[in-house]
Amino acid sequence: MEYVPRAIEKKWKDWWEKHQVYRVTDCLDKPKFYILNMFPYPSGAGLHVGHPLGYIASDILGRYKRLCGFNVLNPMGFDAFGLPAEQYAIEMGIHPAVSTEENIRRYRRQLEDLGLSFDWSREIRTCDPKYYKWTQWIFSLLFRHYYDYDAQKALPITHLIARLEKEGNAQVNAACDSDTPRISAEEWNAYSEEQQQLFLLQYRLTFPEETYVNWCPALGTVLSNDEVKDGVSERGGYPVERRRMKQWSMRITAYAERLLEGLEEIDWPEAIKEQQRNWIGRSVGAIVRFPVEGRSDLSVEVFTTRVDTIYGATFIVLAPEHELVAQITAPKQWTEVQNYLKWVASRSERERMAEVKRVTGVFTGAHAVHPLTGSLLPIYVADYVLVGYGTGAIMAVPSGDQRDWNFATAFRLPIVPILDRQKNLDQAADPTKEGRYINSGIINGLTYEEAVPKLIEWLQQHQLGRARIQYKLRNAVFSRQRYWGEPIPIYWKNSVPYLLPEEELPLVLPEIDKYLPTETGEPPLARAQQWRYRPSPEESYEYEYNTMPGWAGSSWYWYRYMDPHNDQAFCSPEALQYWRCVDYYIGGAEHAVGHLLYSRFWNHFLYDLGLVPEREYAKKLFNQGMIQGRSSIIYRARESFYEEYLWIKVLQPYLQEFEPMRIPHNRAEESFTYDFAFATNDLVIEVVSHKHIDKIETVRQTAEADGKRLLILFTEELAASINEPERTAERIRQALQSRAPFLMAEGIPAIEQLFVSYELTQKYSPEAFSRLHVDISLVDDDVLDLEKARQRPMFQKANFKVGPEGRFLCAYEIEKMSKSKYNVINPDEVIEQYGADCFRMYEMFLGPIEASKPWDVKGITGIQGFLRRFWSLFFDAEGTWLVRNDEPSRQELRALHTAIKKITEDIERFSLNTCVSHLMILTNELRGLKCHKRAVLEPAVVLIAPFAPHLAEELWHQLGHESTVCDAHWPRWEERYLTSEHITYAVQVNGKLRGNITVEASASPAEIEALVLSQEFVRRFVGEKAVRRVIVVPGRIVNVVA
RNA sequence: GCCCGGGUGGUGGAAUGGUAGACACGCAGGACUUAAAAUCCUGUGGCCGUUGAGGCCGUACGGGUUCGAGUCCCGUCUCGGGCACCA
């Protein structure tokens, strides 16, 4: 039998399907192993070669664990709500559910082609009402609970109500809004129903809140902090501004400490844990109250981590949004302050970030009283103080804090040294904690460790301050003004939100006519006519029009896989008891502070309610790296009659080497085409404007004759094409029709067309043009200079290659694989050519899975050859079966058992690239030994099965087995086959390798030492010197020290 | 600026403090072939030397610990990632 990957793979894919080989049941007599991949968003672009990396790795681990006797759950599903489907719906008028369904189908097909052992009967989709019923249900639970710091867990809101009725909230130590008033039982009981409900919102774990949010006008929705990068939206790169809006919020801050502590008990990459720690941002400090001069009713509360520097405070700064600003501003400063506030409000997040260094602010005219010295400190407003952190106000200590120093210097405010070790305060602030305090009243002469408790005690006694732990973590905005998300199961009555009754869930997404906001600016859901749920016909009520954010459905999905079809519960207690939690979680590091933090938060909450068995749901996390794309750039120089210089960042990542295409004279009548085309091994690029479109016929002929594909870049006059995309496209179309009709004909596989200008201008504004990675730009003469080229933004990260005569350059850049960068490689093509087994092993062989690396198809032939050689252990070139039942030799067994040991150990530590190496070594050795023995080859098939399942299944059945190789037993190595009668020692003299000796395995260290010292080469290197010491490392090395 | 990772042949990458460069790609030479592809064999870190002597230098750079350092420690450079007026 001959090795034909595609045929074998098709055969076994069908067989697995027919025999339900990957069906997982809750098998109580077997130990469980739960592997989870972060589920993908099914984008329209389909899979690229970067996606499967983690899936393949998890599949290998899963197959291995199954062979070791575990009941393995390694499920797959789709995080199917999201922006792109909705944007597509807006553009094309297709319902998001339809395009999502289509995308999922394609994803599933691609995943199945990889031979992944997912149990598709457990597939979940977050957009399925049967699924999001439970997302909404968890939301309801959050609404019905509050977090009690004394109990250190979430408790039902009814507990709180009972306490309020009895004793008010004076003794309640719970997570709540910072401005929650203290009320007595009488006050509470006197509240109306609405007042009580509004009051409770201050405690609920999810609640509507008026806050500053990241508003993205282009997307028409708010974004969470982790969806904003560099002041623009992560998706689409649109500007983001701060806006005060009413939004649903999740009180994740209640869990700040728990989320921090939980990190200690999970085996996650240190980098991720560190990022989460930074994001939570715990800092220990104090709140200090500075009374406002002449206003006995007002005082400024500040948060500081350096209360010890309080004597160095020379002024107070409020955030522009701070509520005191309006109350304290002196009349004569009124205009100036107002202007400043207006200016601040007008700046976008992006501008603000770009101008971090600039010092701005304004004096309010008011002063605060220093609580210890009684001196007057001017109160300023400045945007370097953020309203969202601490109290939104600071005491400025210019001698110890660089930002305060900058401000003090700019506004000529005093800088007072407070530690005798502070230096060069005229140059910069010195934040040291060393030395003893000076100019510091009650702490003069003390050290940092002594001063802090003393000050806090003093402040507490005088009711002017207290110790405080502060977190950077903010409550998470939970509503989005979009259509394609989970509806929030809430209705409003008299501006008070009420939960839908549980039996009404799921609240199904209603149909709407257009996926756009209403004319009055309400979210798309406001267009819905047909809400299934009607709270009560008599009363007036309103629906909730926001939907949940993308991270809602992904915050609990791992439980659903345990029991995916349950309509009575999110997951049955039995399934929870068996599967408990994820043993191995695999996914990208980009979710470090988004999904991975929110999902931990939900899990802690569910744990508090006794609904799930573990505090932390993912015991181990592994981050796979990214497979990056390679984007090529070519430069072409000026042509005699072609007046543009062009930089082109090209689309095919495998374009690495460019040569000017030399069209032989016998093929081309006119040689000028020579200068217009660039060629690689399998592709010709022709740069042409519509005026010269008929010339490409010559190029086409040449390309076809060479068996190369032709890529045509239409480079119209850029200004014109940017301003008039439609006309440009039309012009190109007409030119093609009249002068190069062959390009319009279908079924010419050798030709690809790309309307670069057209595509660019249709999709992107001129403003976006400079950031775009498919980029054409006109350049000046002097850019031929390499150094100058590098200064252009698009080339800063590029690697250059200078062409002959310095006439053109080519270059490439490694970057994330993404559709928008036109550097995507689709796995389908690779699988078509080499087979899924080869693709799987090649991706693993590329390097450690945690590393990011560019996709490069170069080495894949090595794997291809390896698989053929492995096959050739079983069949000869004529396809004759070679396997015999002979007794294996010691050498053969040693090769096998060495491989078993190495591969077992390496899978356990998830080093899959070296596993592939060991399989190669085994194959090479067995071929060298001409080993065709069943006793060796059968275990070898099991060893390769996790990596190349199709090939293994075929050979397994050829070996006479009826059942799947997936249920074979993982071989165990036996030490007795690994040992040998002789051991070769490396011999060093003074740490330098000088030779080898081979001794009996039983030789004692003393015997080895004697033998080594008698060696001629040892004596030569020792020379006249006396041997001072001999170190014998058993089994490895001998070092002679002279 | 702060916090994490990295830096090893032409390339991807191996190496519990114990023979650096496994395995593979690429390249060179050879076999088979009319030829090419495919396949197989040999070689392949650099330098000097030899033509079955060998030697020296090599894991970003400079120091240190150790019998022994790619690996541990200190400092420098550099690349990547994350955070960033967080008081």
Side-chain angles (χ1 to χ4, degrees), chain A residues 229-230 269-279 281-283 285 302-307 309 313 317 319 352-353 355-360 382-386 388-397 400-404 406-407 431 470-474 589-590 592-593 625-626 797 814 842 845-848 850-854 856-863 865-866 868-869 872 877 902 905 909 911 913-921 923-924 927 984-996 1017 1028-1042:
Chain A
K229 290 255 146 64
D230 302 323
E270 207 39 53
I272 298 280
K273 293 210 236 178
E274 198 57 32
Q275 274 187 61
Q276 293 210 349
R277 284 189 198 106
N278 290 340
W279 195 259
R282 182 183 202 266
S283 52
V302 304
F303 173 71
T304 175
T305 52
R306 288 295 301 276
V307 69
T309 63
V317 186
R352 199 168 156 166
M353 291 176 74
E355 294 172 16
V356 155
K357 292 271 153 19
R358 210 165 127 193
V359 178
T360 65
D383 69 348
Y384 83 93
V385 175
L386 305 176
Y389 183 73
T391 60
I394 60 157
M395 64 175 204
V397 184
D401 185 290
Q402 190 57 45
R403 295 156 303 185
D404 297 345
N406 293 344
F407 194 87
Q470 183 67 43
Y471 301 92
K472 279 187 219 170
L473 186 69
R474 316 280 172 84
E590 66 272 20
V593 292
M626 265 188 306
K797 289 180 183 168
I814 304 295
Y842 181 58
F845 192 59
L846 234 36
E850 64 268 30
S852 293
K853 54 239 153 187
D856 195 334
V857 81
K858 264 196 329 215
I860 200 166
T861 52
I863 301 289
F866 157 71
R868 286 204 193 112
R869 286 191 289 275
S872 75
K902 298 243 185 201
E905 288 172 351
R909 66 189 177 101
S911 170
N913 55 330
T914 51
C915 287
V916 178
S917 298
H918 298 313
L919 286 166
M920 288 173 170
I921 293 168
T923 306
N924 291 345
R927 271 168 58 84
T984 300
Y985 279 83
V987 178
Q988 296 181 334
V989 176
N990 289 329
K992 286 204 179 206
L993 183 72
R994 295 301 180 185
N996 291 302
F1017 69 89
R1028 287 190 297 168
R1029 206 174 147 192
V1030 179
I1031 290 145
V1032 180
V1033 182
R1036 292 202 172 266
I1037 203 165
V1038 179
N1039 192 5
V1040 177
V1041 185

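Chain naming here is simple, since letters A, B, ... match the order of the sequence lines and numbering starts at 1 in each.
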Output the single nucleotide from [options] whose closest atom is nearest the side chain of [X].
X: A:Ala271; options: B:C4, B:C25, B:A84; result: B:C4
X: A:Met920; options: B:A87, B:U19, B:C23; result: B:C23
X: A:Phe845; options: B:C3, B:G18, B:C23; result: B:C23
X: A:Val1033; options: B:G18, B:U11, B:A24; result: B:G18
X: A:Gln275; options: B:A24, B:G82, B:C67; result: B:G82
X: A:Arg909; options: B:A15, B:C67, B:C23; result: B:A15
X: A:Gln988; options: B:G18, B:C57, B:A87; result: B:G18
X: A:Thr984; options: B:U19, B:C56, B:G13; result: B:U19
X: A:Arg994; options: B:G26, B:A87, B:G55; result: B:G55
X: A:Lys853; options: B:A84, B:C25, B:G13; result: B:G13

Once you apply a heavy-atom cut-off of 4.0 Å, does [X] come out as touching a base, just sugar-phosphate, or nothing?
X: A:Ile1031; value: base
X: A:Asn913; value: sugar-phosphate
X: A:Arg868; value: sugar-phosphate
X: A:Leu846; value: sugar-phosphate
X: A:Asn990; value: nothing
X: A:Val385; value: base

Rounded to the nearest angstrom, tell me the gap between atom [atom1] in [X] and atom [atom2] in [N].
X: A:Ile1037; N: B:U16; atom1: CD1; atom2: P; answer: 15 Å
X: A:Tyr384; N: B:A84; atom1: OH; atom2: C1'; answer: 16 Å
X: A:Gln402; N: B:C2; atom1: CD; atom2: P; answer: 12 Å
X: A:Met626; N: B:G80; atom1: CE; atom2: P; answer: 13 Å

With both distances under 3.5 angstrom, what nucleotide forms a Watson-Crick or G-U wobble pair with [N]?
N: B:U65; result: none
N: B:A14; result: none
N: B:U42; result: B:A28
N: B:A37; result: none
N: B:U19; result: none
N: B:G7; result: B:C77

Donor-acceptor pair, distance only, cut-off 3.5 Å: does the side chain of [X] make one with the backbone of [Y]?
X: A:Asp404; Y: A:Val397; value: yes
X: A:Asn1039; Y: A:Ile1031; value: no
X: A:Lys853; Y: A:Gly625; value: no

A:Phe407 and A:Tyr384 aromatic ring geometry - parallel, tilted or perpendicular at 30°/60° bounds: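 If you compare the ring of A:Tyr384 with that of A:Phe407, the planes turn out tilted.
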Residue pair A:Ser917 / A:Thr914, side-chain donor-acceptor N/O under 3.5 Å: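 There is no such pair between these side chains.
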